[in-house]
Amino acid sequence: MLPIKVSIIIPVYKVEPYIEECVSSVLGQTYTNLEIILVDDGSPDKCPMICDSYAQKDNRIKVIHKKNGGLSDARNAGLREATGDYVYFLDSDDTIYPDAIENLVRVVAFQPEVDLVYGGTVLQGEDVPNAYYQIDLSKEKAYYGTPEVAKEAVLFVLPAIACNKLVRLSTILQNKLYFVVGLLHEDEMWRWQIRNHIHQCAICDKSTYWYRQENQGSIVHTKDTTRSLKSKVSILVKMLQTLDIDDKQDMKCIVRFASPGFKYATWDACLDKASVNVEIKRLQALQANMKIPAYLRLLIKLWDVPRWVYDNRLVSTIIYKYGVWWQLRRF
């Protein structure tokens with residue numbers, strides 16, 4: 001049996017201070033059967049030249065130069081060129097531990113049918129894995145061996161991030177699980193897309209990924225929340241369009257995602273509220289013509305009420321108690 005080949009896809013855009021550290025962490029892997037795909041997403045700095053220089057030094061590196069299309073578009077370009085058995089997404093301002101891929105592949109070798117393996121993530125400035133990104137194996141299983149429990153893990157156990165997950169490439173390509181272009185929170189959308197296609201998954205108990213928090217140019221540090229809010233609403237629309245209302249896990253996931261708390265927590269920083277309201281009206285029109293449970297319909301309607309209604313203590317208490325009662329009955 002040939003060694004498992006891993007395609008590492010690294011989208012590159014305006015990360016000149018970090019790209020060399022990122023790529024060096026990949027070249028220094030103890031596991032060497034790698035295909036390294038650097039996707040220059042029209043970066044205006046020296047990143048394209050840096051990528052080309054790395055390709056001249058190591059024949060495992062492929063460089064794709066393309067017009068700027070965003071993170072999802074860059075990942076999709078990498079997927080179309082990938083030839084590995086598994087794919088691994090790495091952001092170009094982050095790094096991976098020297099034995100990261102080896103530890104993840106070791107899990108696959110032990111469980112050959114696994115479609116996804118997740119490793120631990122350490123945040124910059126911390127010495128131990130972050131509680132959100134690291135799975136506590138004293139509380140959770142290390143292996144999810146049926147489609148039902150694997151779906152539960154994808155939706156509720158593993159973080160939504162696409163990075164730091166070793167995913168079977170054929171699963172992505174055969175089911176056309178490409179990232180939706182033009183969205184923020186694309187990882188949350190992708191989690192929903194893959195939920196029914198990961199039939200077995202596992203958790204590696206080793207730290208594999210180092211996440212940088214200081215890059216102020218990254219999407220997560222954008223101050224205007226307009227695009228973030230529009231993306232959240234667009235994702236909710238897409239989730240509704242592909243929702244199986246008879247599937248308890250689908251319902252549990254969308255109820256959590258549909259909570260309007262995100263809107264009201266970020267509304268003041270939204271500079272183009274009118275465009276967000278257009279998306280909210282589209283959401284309301286969709287739910288009005290769908291057969292969905294009453295509590296989900298209520299949550300969606302709350303996206304379109306004045307803030308004082310949502311902030312009213314009596315209203316919020318009633319909604320909360322109704323939600324707890326409804327979910328206990330349903331789940």
Side-chain angles (χ1 to χ4, degrees), residues 6-9 71-72 75 79 86-91 94 96-97 100-101 103-108 110-123 126 128-172 175 177-180 183-211 220 232 235 238-239 242 244 247-257 259 262 331:
V6 176
S7 298
I8 300 180
I9 297 176
L71 178 59
S72 291
R75 285 174 173 171
L79 284 171
Y86 284 79
V87 65
Y88 182 87
F89 296 106
L90 169 61
D91 285 348
D94 299 332
I96 53 178
Y97 284 71
I101 304 301
N103 284 325
L104 294 170
V105 168
R106 187 178 290 127
V107 177
V108 177
F110 184 69
Q111 301 286 356
E113 300 302 315
V114 74
D115 297 309
L116 182 153
V117 183
Y118 176 73
T121 298
V122 175
L123 302 188
E126 298 182 6
V128 296
N130 180 268
Y132 173 76
Y133 295 104
Q134 179 78 352
I135 311 301
D136 185 350
L137 292 182
S138 67
K139 300 178 181 178
E140 303 290 348
K141 295 181 291 186
Y143 177 62
Y144 298 79
T146 67
E148 184 177 1
V149 296
K151 179 175 181 176
E152 179 184 8
V154 168
L155 290 177
F156 307 115
V157 178
L158 307 181
I161 56 173
C163 291
N164 200 24
K165 289 172 179 170
L166 200 66
V167 185
R168 190 183 299 275
L169 181 59
S170 61
T171 298
I172 296 174
N175 296 288
L177 301 175
Y178 295 101
F179 291 84
V180 177
L183 294 177
L184 297 184
H185 312 291
E186 60 280 310
D187 288 358
E188 293 182 82
M189 183 69 238
W190 197 62
R191 174 178 64 179
W192 180 260
Q193 291 171 254
I194 70 172
R195 73 195 188 286
N196 290 323
H197 303 286
I198 302 300
H199 301 308
Q200 296 184 30
C201 68
I203 298 170
C204 174
D205 63 351
K206 306 292 184 183
S207 297
T208 52
Y209 198 96
W210 188 83
Y211 176 78
V220 296
K232 280 279 189 178
I235 291 171
K238 294 179 187 300
M239 291 174 72
T242 54
D244 181 354
D247 187 297
K248 289 185 177 181
Q249 295 186 36
D250 269 20
M251 288 303 304
K252 184 178 178 181
C253 181
I254 199 169
V255 162
R256 290 185 179 185
F257 192 86
S259 171
F262 179 83
F331 307 128

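As the structure is a prediction and not an experimental result, all values here were calculated from the model.
- Take Val107 and apply the side-chain contact (heavy atoms from CB on, under 4.5 Å) test, not counting sequence neighbours, and it matches Val117, Ala202, Cys204.
- Side-chain atoms of Asn164 and Tyr88 form a donor-acceptor pair, as typed in the model, at a separation below 3.5 Å.
- Residues that satisfy the side chain to side chain donor-acceptor pair (under 3.5 Å) test with Ser7, not counting sequence neighbours, are Glu35.
- Of the inter-residue distances, the one linking Leu123 atom CG with Tyr211 atom OH reads 7.5 Å to the nearest 0.5 angstrom.
- Between Ser207 and Tyr97, the shortest heavy-atom contact is O-CG, 3.7 Å.
- Scored by the salt bridge (Lys or Arg N to Asp or Glu O under 4.0 Å) test, Asp250 finds Lys151, Arg195 as partners (sequence neighbours excluded).
- The line from OH of Tyr118 to CD1 of Ile203 is 9.0 Å long, rounded to the nearest 0.5 Å.
- Contacts of Glu188 classified as salt bridge (Lys or Arg N to Asp or Glu O under 4.0 Å), with partners at least two apart in sequence or in another chain: Lys232.
- The CG atom of Leu79 lies 6.5 Å from the CG atom of Leu169; values are rounded to the nearest 0.5 Å.
- When all heavy atoms are compared, the tightest approach of Thr208 to Gly119 is OG1-CA, 3.4 Å.
- Counting heavy atoms from C-beta on, the side chains of Ile9 and Leu90 never come closer than 4.5 Å.
- Closest approach of Asp187 and Ile161 over heavy atoms only: OD2-CA, 3.4 Å.
- Judged as a side-chain contact (heavy atoms from CB on, under 4.5 Å), and not counting sequence neighbours, the contacts of Ala153 are Tyr144, Val157, Cys201.
- Residues Arg168 and Leu116 form no side-chain contact, since every pair of their non-hydrogen atoms from C-beta on lies 4.5 Å or further apart.
- A donor-acceptor pair under 3.5 Å is absent between the side-chain atoms of Thr171 and the main chain of Val167, judged by distance alone.
- Qualifying side-chain contact (heavy atoms from CB on, under 4.5 Å) partners for Phe156, counting only residues two or more places apart in sequence or in other chains: Glu152, Gln249, Lys252, Cys253, Arg256.
- Distance check: Asn196 CG to Asp244 CG gives 8.0 Å after rounding to the nearest 0.5 Å.
- Applying the ring pair (Phe, Tyr, Trp, His ring centres under 6.0 Å) test to pairs two or more places apart or on separate chains, those with a residue in residues 183-207 are Phe89-Trp190, Phe179-Trp190, His185-Phe262.
- There is a side-chain donor-acceptor pair under 3.5 Å between Tyr143 and Gln200.
- Applying the salt bridge (Lys or Arg N to Asp or Glu O under 4.0 Å) rule to Asp91 yields the partners Arg75; only residues at least two apart in sequence or on another chain are considered.
- When all heavy atoms are compared, the tightest approach of Glu186 to Ser72 is CB-OG, 3.3 Å.
- Scanning for salt bridge (Lys or Arg N to Asp or Glu O under 4.0 Å) contacts around Lys165 gives an empty result, with sequence neighbours left out.
- Across Pro112 and Tyr86, no two heavy atoms sit closer than the pair O-OH, 4.0 Å.
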Could you go through the side-chain contact (heavy atoms from CB on, under 4.5 Å) check for Ile8 and Val87 one step at a time?
-> CA-CA 6 Å; Ile8 300 180; Val87 65; over 6 Å; no
Before giving the answer on side-chain contact (heavy atoms from CB on, under 4.5 Å), spell out for Ile194 and Asp115 the whole-Å C-alpha distance, their side-chain angles and the decisive distance to 0.1 Å.
-> CA-CA 11 Å; Ile194 70 172; Asp115 297 309; over 6 Å; no
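- Ile235 places a side-chain heavy atom less than 4.5 Å from the side chain of Phe257.
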